[in-house]
Asker: 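Got a structure here, written out as structure tokens. Questions coming.
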Amino acid sequence: MSDKLVRVRFAPSPTGYLHVGGARTALFNWLYARHHNGTFILRIEDTDRTRYREDALQDLMDGLRWLGLEWDEGPEVGGDYGPYFQSQRLALYQEYAQKLVKEGHAYQCYCSPERLAALRQSQRGGDQTGYDRRCRTLTARERADYEAQGIVPVIRLAVPLEGQTSFHDVIHGDTIVENSTLDDIVLLKSDGYPTYHLANVVDDHLMAISHILRADEWLPSVPRHVLLYRAFGWEIPVYAHLPVILSPTGKGKLSKRHGGVAVRDFRREGYLPEAMVNFLARLGWSYDDKTEFFTRQELIAKFDLEGVNRSPAAFSYDKLDWMNGFYIRQLGLDDLAQRLLPFLIGVGLPADLTTVRRIAPLVQERLKRLAEVVEWTDFFFSAELDYDPQLLIGKKMTAAQSLAVLSRARETLARLSAFDEGALEPALRALAEEMGLKAGQLLGVIRVAVTGKEVAPPLFGTLAILGREKVLQRLDKAVELLREMSSGPVIAQ
RNA sequence: GGCGCAUUCGUCUAGCGGCCUAGGACACCGCCCUCUCAAGGCGGAGAUCGGGGGUUCAAAUCCCCCAUGCGCUACCA
């Protein structure tokens, strides 16, 4: 590819768990980098000490790695443009902020938080918003006075009072704003930390970022950033603002209320990373009028900013489930078993890989999420079944019939020479016919007796895996339950 | 309030002036298959393209206005 060097970054704040929205932003950046043979950078924007969370960084990296979004530069991998933590670049921001002050593009502001709050209060409802620029015209003497009082100033950008600022966005096109609607944003806080605006611009330039792909919510701050780039005399990167992800109802942001939102939640539920990547890629991006499934390689080959949508997209758990089910069905049986095992063990079932591997084909096309394997197959591993004996009475059958069915089935299965599917199926079908029952009636009763459920994996395979001993034992138990029931008080139907 | 962004089936979307009596996918409904549940196959319903004006022989597609939704308006990102 003959593009100019593509360097993109995902720049999250370590303030919480990696959110699917963030993951989508990271994915688009990663895809763009891979598509253009560029560099994908992970930069940690930890400039807000009040919201910083210790475990957030690890969760972030775990989530990205789980999704297969490896970064070329950043935490744990290094790179030539480090450090990649903004908290380790403080001197840099201070230096650049001072430079702006010296050149008249920024100024010290000594206004107290109280005054600013009061200002906002008084502006409520009015046309005038933002900082009133009181400190912009301070004399050297006034500044000295404040300094003498020990007030530590913030540094604000001196936005041009007149004129317009325009910028281009690959996805949204051109936007023009009146400078008069922009206020003098804080660049450097009084604690010496930079705000997002300063740190972001300085780092993007210093790290030679060529394209900025980030969430739509940043669009309004672009004019200020453009002004900053100009003040520094730096080249403005290419902007591409991605549509936000909405809740399934399409109203408002995606929140916990609707289900999992953290990548780790999806992982815990048993969504496959490849399905997540495919699904997330299609949220706000499309390739043509029919393709839904993309392998990672296809995504890299086909992903392009031109296919990115302008409008927000609602997150659909239904579609994700469908897609995840599809990916589960594509898995090789050994692979599937490997992935299933931790979910079983995780809930304390004594599962082993060999058994899970045998079970895998029985549940593969039934699973939407790996975690569902527990409810589908727990009876394979539990010592005792716990179910409502009433379930043993089949549809359109009496308790006496069910009892007869179980006894006869027990005899048949006990006599069977080989206890495998090939032998089980004809034997049981023959029995059903002999007893004048539909196969479904017979199998239904056995299913409950052996699995404790009305809905379970295909029965012949299930019996074979369970093994003769366990099957006969459970059949005996069921007969017992049925006898207890009929000898007890009569239950009205 | 100000500024900005967005607006095609419930949802994800195709569409970039005539191929659109708007296509695909999820979800939904029906039928087939079937030991339950799934998976799969077939079919169905579902959008007068937010509303109103233009431009044009012709508009979902171009222009203007309005409405609605969302975002920003912090010494948070």
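A, B, ... follow the sequence lines: proteins, then strands. Residue 1 opens every chain.
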Asker: Return no unless some side-chain N or O of A:T175 is found under 4.0 Å from OP1 or OP2 of B:rC5.
Answerer: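 Checking B:rC5 against A:T175, a side-chain N or O does come within under 4.0 Å of OP1 or OP2.
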
Asker: Give A:G325 one of three labels, base, sugar-phosphate or nothing, depending on what nucleic acid heavy atoms sit under 4.0 Å from its own.
Answerer: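 Answer is nothing: A:G325 stays at 4.0 Å or more from every strand.
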
Asker: How would you label the contact of A:P312 with the nucleic acid (heavy atoms, under 4.0 Å): base, sugar-phosphate, or nothing?
Answerer: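 Sugar-phosphate, no base atom in range.
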
Asker: Between the base of B:rC75 and the side chain of A:S190, is there a donor-acceptor distance below 3.5 Å?
Answerer: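 Looking at the base of B:rC75, it does pair with a donor or acceptor on the side chain of A:S190 (distance under 3.5 Å).
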
Asker: Measuring from the side chain of A:A313 (C-beta onward, heavy atoms only), which nucleotide among B:rC35, B:rA14, B:rC12 has the closest atom?
Answerer: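 Selected nucleotide: B:rC12.
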
Asker: Starting the side chain at C-beta, find the nucleotide from B:rA27, B:rG23, B:rC35 nearest to A:L459.
Answerer: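 Comparing B:rA27, B:rG23, B:rC35 against the side chain of A:L459, the answer is B:rC35.
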
Asker: Have a look at A:T291 and say if it touches a base, only the backbone sugar-phosphate, or nothing, with a 4.0 Å heavy-atom cut-off.
Answerer: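 A:T291: no heavy atom of the nucleic acid under 4.0 Å.
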
Asker: Which of these nucleotides, B:rC75, B:rA6, B:rC35, is closest to any side-chain atom of A:S311?
Answerer: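 Nearest to the side chain of A:S311 among the choices is B:rA6.
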
Asker: Considering every strand and a 4.0 Å limit on heavy-atom distances, what is the contact class for A:P12: base, sugar-phosphate, or nothing?
Answerer: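 Answer is nothing: A:P12 stays at 4.0 Å or more from every strand.
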
Asker: What's the verdict on salt bridge (charged side-chain N to carboxylate O under 4.0 Å, His left out) for A:R43 and A:E45, showing C-alpha distance, side-chain angles and the deciding distance?
Answerer: CA-CA 6 Å; A:R43 183 175 72 218; A:E45 309 218 329; 2.8 Å; yes

Asker: Testing the basics here: between A:N29 and A:L213, what is the closest heavy-atom pair and its distance to 0.1 Å?
Answerer: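 That would be ND2-O, 2.9 Å.
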
Asker: Could you check how far CG of A:N200 sits from C1' of B:rC72, rounded to whole Å?
Answerer: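 For the pair A:N200 CG and B:rC72 C1', the rounded distance is 16 Å.
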
Asker: Please give the nucleotide sitting opposite B:rA25 as a Watson-Crick or G-U wobble pair, both distances under 3.5 Å, or none.
Answerer: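 Result: B:rU11.
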
Asker: Taking atom CG of A:D132 and atom CD of A:Q123, what is their separation to the nearest 0.5 Å?
Answerer: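 Taking CG in A:D132 and CD in A:Q123, the distance rounds to 7.0 Å.
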
Asker: Can you see whether A:N200 engages A:R9 through a side-chain donor-acceptor pair at a distance of less than 3.5 angstrom?
Answerer: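 The criterion, which ignores hydrogens and geometry beyond distance, is satisfied for A:R9 and A:N200.
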
Asker: Between B:rG30 and B:rG46, how far is it from one C1' atom to the other, in whole Å?
Answerer: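 Taking atom C1' in both B:rG30 and B:rG46, they lie 15 Å apart.
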
Asker: For B:rG17, give the paired nucleotide (Watson-Crick: N1-N3 plus N6-O4 or O6-N4; G-U: N1-O2 and O6-N3; both under 3.5 Å), or none.
Answerer: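 When the pairing criteria are applied, nothing turns out to pair with B:rG17, so the answer is none.
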
Asker: Between B:rC76 atom P and A:E217 atom CD, what is the distance in whole Å?
Answerer: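 It works out to 16 Å between those atoms.
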
Asker: Send over the distance from A:R310 CZ to B:rC70 C1', rounded to a whole Å.
Answerer: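 From A:R310 CZ to B:rC70 C1': 16 Å.
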
Asker: Just how far, in rounded Å, is C1' of B:rA77 from CG of A:D203?
Answerer: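 Nearest whole value for this atom pair: 14 Å.
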
Asker: Could you give the CG-to-C1' distance, from A:D183 to B:rU73, as a whole number of Å?
Answerer: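 Going from A:D183 (CG) to B:rU73 (C1'), I get 7 Å.
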
Asker: Taking any heavy-atom pair under 4.0 Å as a contact, classify A:F460: base, sugar-phosphate, or nothing.
Answerer: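 If one applies the 4.0 Å heavy-atom cut-off, A:F460 turns out to touch a base.
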
Asker: Of the candidate nucleotides B:rC35, B:rG24, B:rA6, which contains the atom at the shortest distance from the side chain of A:H172?
Answerer: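 Between B:rC35, B:rG24, B:rA6, the one nearest the side chain of A:H172 would be B:rA6.
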
Asker: In this structure, how many angstroms lie between the P atom of B:rU13 and the CG atom of A:L320, rounded?
Answerer: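 Whole-Å distance recorded here is 14 Å.
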
Asker: With heavy atoms under 4.0 Å as the rule, sort A:P194 into base, sugar-phosphate or nothing.
Answerer: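 Sugar-phosphate: the residue A:P194, judged by heavy atoms under 4.0 Å, touches backbone atoms but no base.
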
Asker: Given A:H225 and A:H197, is the side chain to side chain donor-acceptor pair (under 3.5 Å) satisfied, shown in steps?
Answerer: CA-CA 7 Å; A:H225 294 182; A:H197 306 290; 2.8 Å; yes

Asker: Would you list the atom pairs, donor with acceptor, under 3.5 Å between side chains in residues 432-442 of chain A and any protein atom, with sequence neighbours excluded?
Answerer:
unit_1, atom_1, unit_2, atom_2, d
A:E434, OE2, A:R408, NH2, 2.4
A:Q441, OE1, A:K438, N, 3.0
A:Q441, NE2, A:K395, O, 3.4

Asker: Once you round it to whole Å, what is the distance between C1' of B:rU73 and CZ of A:R120?
Answerer: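 Spelled out: CZ on A:R120 to C1' on B:rU73 is 10 Å.
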
Asker: Tell me the partner of B:rC37, counting only Watson-Crick (N1-N3 plus N6-O4 or O6-N4) or G-U wobble (N1-O2 and O6-N3) with both under 3.5 Å; none if nothing fits.
Answerer: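 Per the H-bond distance test, none.
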
Asker: Under 4.0 Å between any heavy atoms, over every strand shown, what does A:D321 touch: base, sugar-phosphate, or nothing? Just pick one.
Answerer: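 Here A:D321 touches no strand at all.
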
Asker: Just checking A:V154: base, sugar-phosphate only, or nothing, at a heavy-atom cut-off of under 4.0 Å?
Answerer: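 If one applies the 4.0 Å heavy-atom cut-off, A:V154 turns out to touch a base.
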
Asker: Is the cationic atom of A:R134 (NZ for Lys, CZ for Arg) positioned less than 6.0 Å from the six-membered ring centroid of A:Y110 and within 45 degrees of its normal?
Answerer: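 Output no; distance or angle outside limits.
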
Asker: Applying the Watson-Crick and G-U wobble criteria at under 3.5 Å, what pairs with B:rU56? Answer none if nothing qualifies.
Answerer: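 For B:rU56, the partner nucleotide comes out as none, under the 3.5 Å rule.
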
Asker: Taking any strand in view, what nucleotide pairs with B:rG71 in a Watson-Crick or G-U wobble way, both distances under 3.5 Å?
Answerer: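 Across any shown strand, B:rG71 pairs with B:rC3.
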
Asker: Under a 3.5 Å cut-off for both contacts, is B:rG50 paired Watson-Crick or G-U wobble with anything, and if yes, with which nucleotide?
Answerer: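 Looking at the geometry, B:rG50 pairs with B:rC66.
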
Asker: Donor-acceptor pair under 3.5 Å: do we get one between A:K290's side chain and the base of B:rA25?
Answerer: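 No such pair is found, so the answer is no.
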
Asker: Grab the OH-C1' distance between A:Y287 and B:rU13 for me, whole Å please.
Answerer: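 Between C1' of B:rU13 and OH of A:Y287: 16 Å.
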
